[in-house]
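Take a look at the structure set out below.
Residue numbers start from 1 in every chain, and the chains themselves are labelled A, B, ... in the order their sequence lines are given, proteins ahead of strands. Note that the coordinates shown come from a computational prediction; the quantities given were computed from them, not determined experimentally.
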Number of protein chains: 2
Amino acid sequence: MREGPDIARIASLVGDPARANMLNALMGGTALTASELALEAGVSLPTASSHLSKLMEGGLLTVASQGRHRYYGLAGPQVAGMIEAITGVAEAVGPKRVRPGPRDGAMRIARVCYDHLAGERAVAMLDRLVDKNILVRDGQEIRLGPSAASHFAAIGIDVYTKPRRPVCRACLDWSVRRSHLAGTLGAAILDKILAEKWARREKDSRAVVFSPPGKQAFERVFLG
Amino acid sequence: MREGPDIARIASLVGDPARANMLNALMGGTALTASELALEAGVSLPTASSHLSKLMEGGLLTVASQGRHRYYGLAGPQVAGMIEAITGVAEAVGPKRVRPGPRDGAMRIARVCYDHLAGERAVAMLDRLVDKNILVRDGQEIRLGPSAASHFAAIGIDVYTKPRRPVCRACLDWSVRRSHLAGTLGAAILDKILAEKWARREKDSRAVVFSPPGKQAFERVFLG
DNA sequence: CGCATGGTTTGATCCTCATCGAAACATTCT
DNA sequence: AGAATGTTTCGATGAGGATCAAACCATGCG
């Protein structure tokens, strides 16, 4: 009956279906209002509000009040990583995989993980960037290589403008069980992909689907 | 109200204090009997049995019957990784850190993570092994370097005898937020450390405490 | 065999917590 | 100011599930 950090408290927060749905929705990276989350979770507004305050108190969420809207978002990358880890286990032990459906395939290839790209394509990208010595792995940390600044500047990404969070971080991928790129650079790359319309977010899903020309452009820039 | 893998189901399994205590105990790596786990969780035997069957059904545990004993253990490294991830969040958001006590410090330095060593000392070891090119990072995977076989053979660890699991794996450390070494090699090294009596398991804890000469020996072999 | 020990099943109890309707509060728009 | 929309609080209801005592299996020992 030893006592460590209160793991049961955190897990039970995620353990309610309504709250799990909310967190899943927030894994999309965009902050959502209480009403949107209520809809997402399939519960009434008061119920959702109650859940949200519990998640807030548990430190899993942050909120930004803008006028009469309150935008809820995940508290940070660590929380996102935890959700991914739980998802991985659920995926592995879940015998309920009745419909591996097309959307599921799309998720494996590319999806949003909090604020950056995940999935096979993202894993391949990080591998290639490390191969080309543009990024350098240093344990769990990832550092910028000598040619990083010029390389990313060439495609319109300034790696020095957002000093708050670490620029690069590794994030474990639940579908491939390898790392992909997180941090501000990861976020900037996802922005770029969406801004250039190389890919679009699937409606009501974390899946990211590339158009054929978009896929080519992505491969030319990041896998070439 | 999209439906992914059943994350709430898994999280709610971990979300009960009794079950969380059991899982925590099993993070020590050794399989335990139902009675031991009941004691660990602070509940009666029937209650524990009920919890254990739930965890089994959820796919988080495996059991091995030996005579009239039933030894329960974690289902695999992925489950262990999930627990570590949840622990990390609980640690981060937990304002309840009333007593950072000495045992907590020992845990940060070195502890057992399922079947291998974790903590600052383990992170330092992996860094050094990679620096010396004995191991080679390849994304989340870790491969053996050219001199690996001879290097480990010299200290009595045969890296080719256990082909079932991957030899090396990276595992994210919750206290340092960097990777340490898992896989069969990680397990073999922990075995070595305990066999040579360089360190001993703290009673009723995951902490691993090195004796002064043991620490020197460890540093000579793995950090030299 | 019969007895002890480890483990599970059953049944009953109790309590937490998810849920929603109604009302209160807040903010923005007209 | 008043209406409309977004959000939280309050109160009551209900269901799920954690708990243990007692009875029930199973294995090992003499």
Side-chain angles (χ1 to χ4, degrees), chain A residues 1 3 6-26 30-75 96, chain B residues 1 3 6-26 30-75 96:
Chain A
M1 195 146 160
E3 293 292 338
D6 205 346
I7 151 178
R9 181 176 136 84
I10 301 299
S12 71
L13 282 175
V14 189
D16 178 83
R19 286 193 292 261
N21 281 333
M22 292 176 171
L23 291 169
N24 238 326
L26 291 174
T30 52
L32 298 173
T33 68
S35 341
E36 290 171 317
L37 286 167
L39 190 68
E40 200 69 51
V43 294
S44 76
L45 248 163
T47 306
S49 183
S50 154
H51 284 310
L52 288 171
S53 61
K54 286 189 175 71
L55 287 170
M56 284 293 299
E57 193 173 1
L60 267 52
L61 258 45
T62 54
V63 67
S65 292
Q66 276 183 23
R68 58 182 163 187
H69 293 274
R70 312 199 66 187
Y71 287 94
Y72 289 91
L74 293 187
K96 348 279 174 200
Chain B
M1 192 144 158
E3 291 293 338
D6 204 346
I7 151 179
R9 181 177 138 80
I10 302 299
S12 71
L13 282 175
V14 189
D16 178 84
R19 286 194 292 262
N21 281 334
M22 291 177 172
L23 291 169
N24 240 326
L26 291 174
T30 52
L32 298 173
T33 67
S35 342
E36 290 170 319
L37 286 167
L39 191 67
E40 201 68 52
V43 294
S44 74
L45 241 162
T47 306
S49 182
S50 154
H51 285 309
L52 287 171
S53 61
K54 286 190 176 70
L55 288 170
M56 284 294 298
E57 193 172 2
L60 267 52
L61 258 46
T62 55
V63 68
S65 291
Q66 275 183 24
R68 59 182 164 184
H69 293 275
R70 312 199 66 187
Y71 286 94
Y72 290 91
L74 293 188
K96 348 277 173 201

Check side-chain contact (heavy atoms from CB on, under 4.5 Å) between [X] and all other residues, then give those that pass, not counting sequence neighbours.
X	result
Ser44(B)	Pro46(B), Thr47(B)
Ala18(B)	Asp16(B), Ala41(B), Val43(B), His51(B)
Ser35(B)	Thr33(B)

Could you tell me whether the phosphate oxygens of [N], OP1 or OP2, come under 4.0 Å of any side-chain nitrogen or oxygen in [X]?
X	N	value
Lys54(B)	dA18(D)	yes
Ser49(A)	dT8(D)	yes
Ser35(B)	dG6(C)	no
Arg70(A)	dT8(D)	yes
Ser44(B)	dT19(D)	no

What nitrogen or oxygen pairs link the protein and nucleotides 11-16 of chain D at under 3.5 Å?
none

Let me know which of Leu26(B), Leu23(B), Leu45(B) forms a side-chain contact (heavy atoms from CB on, under 4.5 Å) with Leu37(B). Leu26(B)
Proximity to DNA chain C (any heavy atom under 4.0 Å), residues of residues 10-20 of chain A only: Asp16(A), Ala18(A), Arg19(A)
Considering all heavy atoms, the nearest [X]-[Y] contact:
X	Y	value
Lys54(B)	Leu13(B)	O-CD2, 3.9 Å
Glu40(A)	Ala25(A)	CG-CB, 3.3 Å
Gly59(B)	Ala75(B)	O-CB, 3.3 Å
Ala8(B)	Ala20(A)	CB-CB, 3.6 Å

For [X] and [N], give me the distance from atom [atom1] to atom [atom2], rounded to whole Å.
X	N	atom1	atom2	result
Leu55(B)	dG7(C)	CG	C1'	16 Å
Tyr71(A)	dT27(C)	OH	C1'	13 Å
His51(B)	dT8(C)	NE2	C1'	14 Å
Leu52(A)	dT7(D)	CG	C1'	10 Å
Asn21(B)	dT19(D)	CG	P	10 Å
Leu61(A)	dT7(D)	CG	P	14 Å
His69(B)	dT8(C)	NE2	C1'	16 Å
Tyr72(A)	dT7(D)	OH	P	8 Å

How would nucleotides 22-30 of chain D be written as a contact map, 5' to 3', with B for base contact, S for sugar-phosphate-only contact and - for no contact, using protein heavy atoms under 4.0 Å? B----BS--
Just checking Thr33(B): base, sugar-phosphate only, or nothing, at a heavy-atom cut-off of under 4.0 Å? sugar-phosphate
Pairing residues for Ser49(B) by the side chain to side chain donor-acceptor pair (under 3.5 Å) criterion, not counting sequence neighbours: none
Who passes side chain to side chain donor-acceptor pair (under 3.5 Å) against Ser12(A), sequence neighbours left out? none
Starting from the C-alpha separation in whole Å, work towards a yes-or-no answer on side-chain contact (heavy atoms from CB on, under 4.5 Å) for Leu60(B) and Leu74(B). CA-CA 6 Å; Leu60(B) 267 52; Leu74(B) 293 188; over 6 Å; no
Among the nucleotides dT19(D), dG7(C), dT8(D), whichever has the atom closest to the side chain of Val43(B) is dT19(D)
Atom pair CZ (Arg19(A)) and CG (Asn24(A)), whose distance is rounded to the nearest 0.5 Å: 14.0 Å
